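Here the structure is laid out as structure tokens; the discussion comes afterwards.
Since the model is a prediction, treat every value here as computed from it, not as a measurement.
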There are 2 protein chains.
Amino acid sequence: MGKHNTRLKDIADKLGISIPTVSRALNDKPDIGIETKRKVMELAEEMHYQRNEFAINFKNQQSFIIGVIIPQIVHHFFSNIINGIITEAEKFGYSVMIFQSNESYHSELKGTKTFRKSMIDGLIISLADTTDDYSHLSSLQEHKIPVVLIDKVTDRLEASKIVCNDYQGAYDATSHLIEVGKRRIAHLTGSLTPLTTRERYRGYCDALKNNDLKLDNELIRYCDLVSGEEGYQEMKTLISLSNPPDAIFCATDPTAIGAINAVKDSGLKVPEDIAVIGFSNWSMSSVIDPPLSSVIQPDVEMGEQAVRLIIEEIENIRNDKPVVFKTHVMKTALILRQSTLGKKEGVNV
Amino acid sequence: MGKHNTRLKDIADKLGISIPTVSRALNDKPDIGIETKRKVMELAEEMHYQRNEFAINFKNQQSFIIGVIIPQIVHHFFSNIINGIITEAEKFGYSVMIFQSNESYHSELKGTKTFRKSMIDGLIISLADTTDDYSHLSSLQEHKIPVVLIDKVTDRLEASKIVCNDYQGAYDATSHLIEVGKRRIAHLTGSLTPLTTRERYRGYCDALKNNDLKLDNELIRYCDLVSGEEGYQEMKTLISLSNPPDAIFCATDPTAIGAINAVKDSGLKVPEDIAVIGFSNWSMSSVIDPPLSSVIQPDVEMGEQAVRLIIEEIENIRNDKPVVFKTHVMKTALILRQSTLGKKEGVNV
DNA sequence: GTGAAAGCGCTAACAT
DNA sequence: ATGTTAGCGCTTTCAC
């Protein structure tokens, strides 16, 4: 065995022909003798020829790599998005590179730098909560690397966006609580910086309003939305009110689970005394007691759609076609379980 | 603005100097005039020069990309491994490319092909359950692309490996059930093809043996280990035995949760009637009722360690140093909660 | 139908 | 201290 991988030159030399001829034979180009082609193919096979993609990428200045920056890969929602991204990208011959921001702007910035080094063809990003400056993204765009925002988006960057209808999901969740007879409905929300949280908050408010229930600021609690601990604490506080709620819409499932535990620990029943509904349908939500009603986000589909958009932009840029930014709003759905329905069997609406 | 990104030539031309001089200035090489260097740096900044990494990669035949193939990114265990991999890789200036096998050998094979195209410098892989042939991996090795196996490993490939002590974890879990007074301990296992499952099975058997309890084949049930449904069904079957178990060690947490639900639905109590312990400490396990005791695997650390090994091999190969394969066995730990302890506070042992 | 030459952007070796 | 030359592996002109 030689020291290096087989190159076109090795094949050409052995056959006594020129390198371009070998290249033509191997790449199904016209203007190649049928017999020459056969011989080249045969020898290439025999010598285990493998195209050197470094050379190809260099020549084409193209990597077929899509960079992805998400806050946390271990979150069910994001790992499903990534699942969709990887699966769809592969169909188009693209590979996916992943970077975590851990919700830190600083880290996100570092990710874009790393990716620029890796010469990604495009970036799909879900913004960190702390990100408030978007020049690292517009800079990529200026260098003809398209950016698609997913879920955690911003109005302050012109780019294609994939979001789900957080407003409608929250509206539906709250309306559902009203439909099962609840009237004093609390809301557990988080920092209102991310658009998603704001939209859920807005959906909650509008559902109350349209059902002639008035907003009670006492019933709106803020936390980080991440840990069940906080949901537990805030629910305890709500229960201790002189006029406690009879239901709560939590902006995330983990906090909703914390809330359920708080209700149970207070000797109250879910949903009879206090109904609970979450958001995102985490995998754990169906196995807790009682199973948690939640809002399903089309995570995998969001990832797939993001890939289609980014590849479209990548190819438009390559072909000097105009790029038009699109925003896809994907539908949410309620998944109803016993935390709002009681003993009845859960139903997917 | 010009059509293309700034190249060394653009800077050289503007300054009336040669390309290598610009290169030297920018790369902190010796033999460069202090004044020339200053001018180059300044102009480079001004023209937003960015090294073209395609050219660098081409020249060095190196990508600084580590490929990762795992069965399912959405599994808590694997997404934590990936978390560790990405974090550690970044420290060394490597990026990470991810591919999912979905437990399919065919898909795994495809992944290795895709990765070869992407010119990865090394591969970290957790084998699909169905993988029984390893030529796709040895082929990579022959092409000087090192392979590190993680968690789902095989004896039939010579490579570095990262595993956790599944045997000891299972042994400890079973011993714990014995310590809390249980004597008829069932085991829910899966296909015995993967080494991990076999090791857990072996740990269970040895713990019984060393405590003078005899193995009862009636108490050993097989399922896919993936869904709670199966755990539920198998537990129901066990409960209906004329001599049912008083505890069960499940090889995964989801099935353990299914088992808990089956016990509860049968009007029995966990852990008083039947204690339950799982494996892997899924995020949901702490929030179910009762919280599930489980075996913690050092997932993040496993990922980090895998990166260190692969980079070591990559660099040894580049420097023509001999490569020695290492196997790291990482420690598991018990996390004890109410599903085995009862009302007492959970303790991390 | 095939070969010769050029070039993608950069760096290392060799000259001066 | 700086310039010249060559080359990484491949494809794409352009000749013949």
Side-chain angles (χ1 to χ4, degrees), chain A residues 2-41 43-44 47-64 116-119 121 143-145 318-319, chain B residues 2-41 43-44 47-64 116-119 121 143-145 318-319:
Chain A
K3 277 177 75 118
H4 57 71
N5 291 335
T6 309
R7 298 158 305 170
L8 293 188
K9 183 175 193 311
D10 301 319
I11 299 178
D13 286 353
K14 243 185 187 156
L15 252 32
I17 60 180
S18 75
I19 296 176
T21 303
V22 178
S23 170
R24 279 190 275 259
L26 255 21
N27 289 296
D28 275 326
K29 298 283 174 183
D31 289 349
I32 178 82
I34 177 95
E35 181 58 14
T36 319
K37 182 162 181 172
R38 198 189 51 71
K39 278 196 283 190
V40 169
M41 297 293 260
L43 188 57
M47 296 178 76
H48 300 104
Y49 174 75
Q50 292 243 203
R51 243 166 54 142
N52 185 320
E53 302 288 332
F54 285 122
I56 307 286
N57 290 349
F58 173 53
K59 187 137 193 21
N60 299 337
Q61 295 289 307
Q62 177 167 204
S63 63
F64 286 101
R116 181 168 291 184
K117 272 206 190 171
S118 298
M119 292 291 172
D121 287 345
H143 284 263
K144 304 201 173 181
I145 299 172
R318 295 223 142 243
N319 303 322
Chain B
K3 277 177 73 115
H4 56 69
N5 291 335
T6 309
R7 300 157 304 171
L8 292 188
K9 182 173 193 312
D10 301 319
I11 299 178
D13 286 354
K14 244 185 187 153
L15 253 34
I17 59 180
S18 75
I19 296 176
T21 303
V22 178
S23 171
R24 277 189 279 258
L26 256 21
N27 290 294
D28 274 326
K29 299 283 174 184
D31 289 347
I32 177 81
I34 177 94
E35 181 59 14
T36 319
K37 183 163 180 172
R38 197 189 52 71
K39 278 196 282 189
V40 169
M41 298 293 260
L43 187 57
M47 296 178 76
H48 300 104
Y49 174 74
Q50 292 245 201
R51 243 165 55 142
N52 185 320
E53 303 288 333
F54 285 122
I56 306 287
N57 291 348
F58 172 54
K59 187 144 188 28
N60 299 337
Q61 294 291 306
Q62 178 167 205
S63 63
F64 286 102
R116 182 167 292 182
K117 272 206 190 170
S118 299
M119 293 290 173
D121 287 344
H143 285 263
K144 306 200 172 181
I145 299 172
R318 295 221 143 244
N319 303 321

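Of the charged side-chain nitrogens involved, at least one lies within less than 4.0 Å of a carboxylate oxygen, so that B/D13 and B/K9 count as a salt-bridged pair.
When the nucleotides C/dG9, D/dT13, D/dC10 are ranked by their closest atom to the side chain of A/N52, D/dC10 comes out on top. Of the candidate nucleotides D/dG9, C/dT2, C/dT11, C/dT2 has the atom lying nearest to any side-chain atom of A/D31. When distances run from any side-chain atom of A/T36 to the nucleotides C/dT2, C/dC10, C/dG3, the shortest one goes to C/dT2. For A/A55, counting side-chain heavy atoms from C-beta on, the closest listed nucleotide (D/dC10, C/dG9, C/dT2) is D/dC10. Considering only the side chain of A/Y49, D/dC10 comes nearest among D/dG3, D/dC10, C/dC10. Comparing C/dG1, D/dC10, D/dA1 by their closest approach to the side chain of A/L8 singles out D/dC10. Nearest nucleotide to the side chain of B/T21, out of D/dC10, D/dG3, C/dT11: D/dG3.
Between A/I17 atom CD1 and C/dG1 atom P there is a gap of 14 Å when expressed in whole angstrom units. Atom-to-atom, CZ of B/F58 to P of D/dT11 comes out at 11 Å; the value is rounded to the nearest Å. The interatomic distance linking B/R7 (CZ) with C/dT11 (P) rounds to 14 Å, in whole Å. The CG atom of B/D10 sits 13 Å away from the C1' atom of C/dC10 (whole-angstrom rounding). Atom pair B/K29:NZ and D/dA1:P shows a separation of 16 Å (rounding to whole Å applied). Between A/I19 atom CD1 and C/dG3 atom P there is a gap of 11 Å when expressed in whole angstrom units. When rounded to the nearest whole Å, the span between CD1 of B/I32 and C1' of C/dT11 equals 14 Å. What separates CG of B/N60 from P of C/dC10 is a distance of 13 Å, to the nearest Å.
Nucleic acid contact for A/N27: sugar-phosphate only, since backbone atoms but no base atoms lie under 4.0 Å from a heavy atom of the residue.
Judged by distance alone, the side chains of A/D121 and A/S63 do bring a donor and an acceptor atom under 3.5 Å apart.
Put simply, the side chain of A/I56 does not reach to within 4.5 Å of the side chain of A/K59, judged on heavy atoms. Between B/V40 and B/I32, every side-chain heavy-atom pair lies at or beyond the 4.5 Å cut-off.
Within the 4.0 Å cut-off from OP1 or OP2 of D/dC10, not a single side-chain nitrogen or oxygen of A/S23 is found.
The two residues A/R51 and A/N27 come nearest to each other via the heavy atoms NH1-OD1, 3.9 Å.
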